[in-house]
Amino acid sequence: GLIRTSSGFSIRVTRGLSALRQAHTIVLPGIDDLDVHPPPAAIKALKAAAARGARFVSICTGAFVLADAGLLAGRRATTHWMDAPLLKARHPDITLDSDVLYVDDGQVLTSAGIACGIDLCLHVVRLDHGAAVAATVARRMVVAPHREGSQAQFVTRAADTTDSGGLEGTCIWAR
């Protein structure tokens with residue numbers, strides 16, 4: 001039926017957890033309330049899918065669902081930098097890297113924020129269908145065709161604004 005999202009729109013869900021029995025790739029979107037844990041039936045379905053080799057892709061805080069299911073234990077993963085301390089506190093068995101856009105750990109892939117989720121999904125398209133198809137999808141979406149997952153989520157140092165010479169120094173260098 002219709003499931004209302006936290007963003008205010010509804011999604012029509014036509015299949016239940018039984019769909020995970022055949023899924024090759026399972027994408028977990030971000031969740032808003034990190035104090036709400038997945039129900040036991042969802043955990044059981046995710047574990048069963050993992051046991052048969054399904055691939056998992058989590059966007060942002062979707063990593064919390066994977067962690068609650070035990071699917072990140074002993075793995076390298078990421079999530080949004082703001083939520084990384086909470087994920088690490090709850091699940092110290094995860095090798096958490098909150099300084100990257102996404103992590104491909106084989107069967108389980110995780111991304112930082114929403115925009116990084118786009119990077120991760122393009123990475124998955126590249127793995128499954130090649131660089132040309134991924135570039136076409138990126139062009140259609142008007143996003144960068146490829147950002148390495150190892151890039152930093154953000155840069156804490158502000159740009160140097162002390163130089164009042166404008167572009168003169170650069171123009172001299174270029175000439």
Side-chain angles (χ1 to χ4, degrees), residues 1-80 83-84 86-87 90-91 93-98 100-141 143 145-149:
L2 282 178
I3 303 294
R4 187 158 179 82
T5 70
S6 61
S7 299
F9 63 90
S10 296
I11 298 173
R12 180 168 305 282
V13 178
T14 59
R15 296 180 67 193
L17 290 174
S18 64
L20 299 185
R21 290 185 201 135
Q22 296 86 30
H24 298 284
T25 300
I26 299 168
V27 180
L28 294 102
I31 56 174
D32 282 344
D33 190 345
L34 300 177
D35 291 325
V36 174
H37 299 279
I43 297 290
K44 182 178 177 182
L46 291 171
K47 285 182 175 184
R52 66 171 180 73
R55 174 174 57 187
F56 295 89
V57 176
S58 77
I59 311 300
C60 194
T61 52
F64 281 77
V65 176
L66 290 176
D68 284 348
L71 301 180
L72 293 181
R75 291 186 179 274
R76 183 170 168 258
T78 194
T79 191
H80 194 284
D83 301 308
L86 178 60
L87 183 62
R90 285 188 187 169
H91 301 279
D93 55 349
I94 299 170
T95 303
L96 195 63
D97 188 348
S98 58
V100 297
L101 302 182
Y102 62 86
V103 170
D104 179 343
D105 194 51
Q107 183 182 9
V108 181
L109 299 89
T110 54
S111 76
I114 294 169
C116 300
I118 293 170
D119 295 314
L120 178 55
C121 288
L122 287 171
H123 172 70
V124 170
V125 170
R126 192 174 306 102
L127 290 173
D128 291 356
H129 304 285
V133 172
T136 299
V137 172
R139 189 173 27 251
R140 179 71 184 231
M141 294 175 65
V143 297
H146 183 66
R147 289 198 307 169
E148 286 291 331

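- The backbone N or O of Cys60 lies less than 3.5 Å from a partner atom in the side chain of Thr79, making a donor-acceptor pair.
- In this view, Asp119 and Arg147 satisfy the salt bridge (charged side-chain N to carboxylate O under 4.0 Å, His left out) rule, not counting sequence neighbours.
- Partners of Asp35 under the salt bridge (charged side-chain N to carboxylate O under 4.0 Å, His left out) rule, at least two apart in sequence or in another chain, are Arg90.
- Annotation: side-chain contact (heavy atoms from CB on, under 4.5 Å) contacts of Ala67 (sequence neighbours excluded): Leu72, Leu87, His91, Ile94.
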What donor-acceptor contacts under 3.5 angstrom involve side-chain atoms of residues 41-50, with partners at least two apart or in another chain?
none

Please list, one pair per line, the donor and acceptor atoms closer than 3.5 Å that link side chains of residues 19-31 to other protein atoms, with sequence neighbours excluded.
unit_1 : atom_1 : unit_2 : atom_2 : d
Gln22  : OE1    : Arg15  : NH2    : 3.2
Thr25  : OG1    : Arg55  : NE     : 3.0
Thr25  : OG1    : Arg55  : NH2    : 2.8

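- Listed by chain and number, the residues in a side-chain contact (heavy atoms from CB on, under 4.5 Å) with Ser10 are Leu2, Arg4 (sequence neighbours excluded).
- The list of ring-ring contact (aromatic ring centres under 6.0 Å, His included) pairs with a residue in residues 116-140, not counting sequence neighbours, reads Tyr102-His123.
- Residues passing the side-chain hydrogen bond (donor to acceptor under 3.5 Å, both in side chains) test with Ser6 are Asp32, sequence neighbours excluded.
- A donor-acceptor contact shorter than 3.5 Å is absent between the side chain of Gln107 and the backbone of Phe56.
- For Gly117 against Ile59, the heavy-atom pair with the smallest separation is CA-CD1, 3.7 Å.
- Within 6.0 Å of atom CG in Leu86, more than 12 heavy atoms from other residues, nucleotides or ligands are found, so the atom counts as buried in its surroundings.
- Contact detail for Ala84 and Ser98: the closest heavy-atom pair is CB-CB, 3.5 Å.
- Under the 3.5 Å distance criterion, the side-chain polar atoms of Thr110 are matched with a main-chain donor or acceptor of Thr78.
- One distance of note links CG of Leu109 with CG of Leu66; it measures 10.0 Å at 0.5 Å rounding.
- Across all their heavy atoms, Pro38 and Val65 have their closest contact at CG-CG1, 3.9 Å.
- With sequence neighbours left out, Asp105 forms a salt bridge (charged side-chain N to carboxylate O under 4.0 Å, His left out) with Arg75.
- To the nearest 0.5 Å, atoms CG (Leu120) and CZ (Arg126) are separated by 10.0 Å.
- Heavy-atom minimum distance, Ala138 versus Pro145: CB-CA, 3.5 Å.
- Every pair tested for salt bridge (charged side-chain N to carboxylate O under 4.0 Å, His left out) that includes a residue from residues 61-71 fails, sequence neighbours excluded, so the list is empty.
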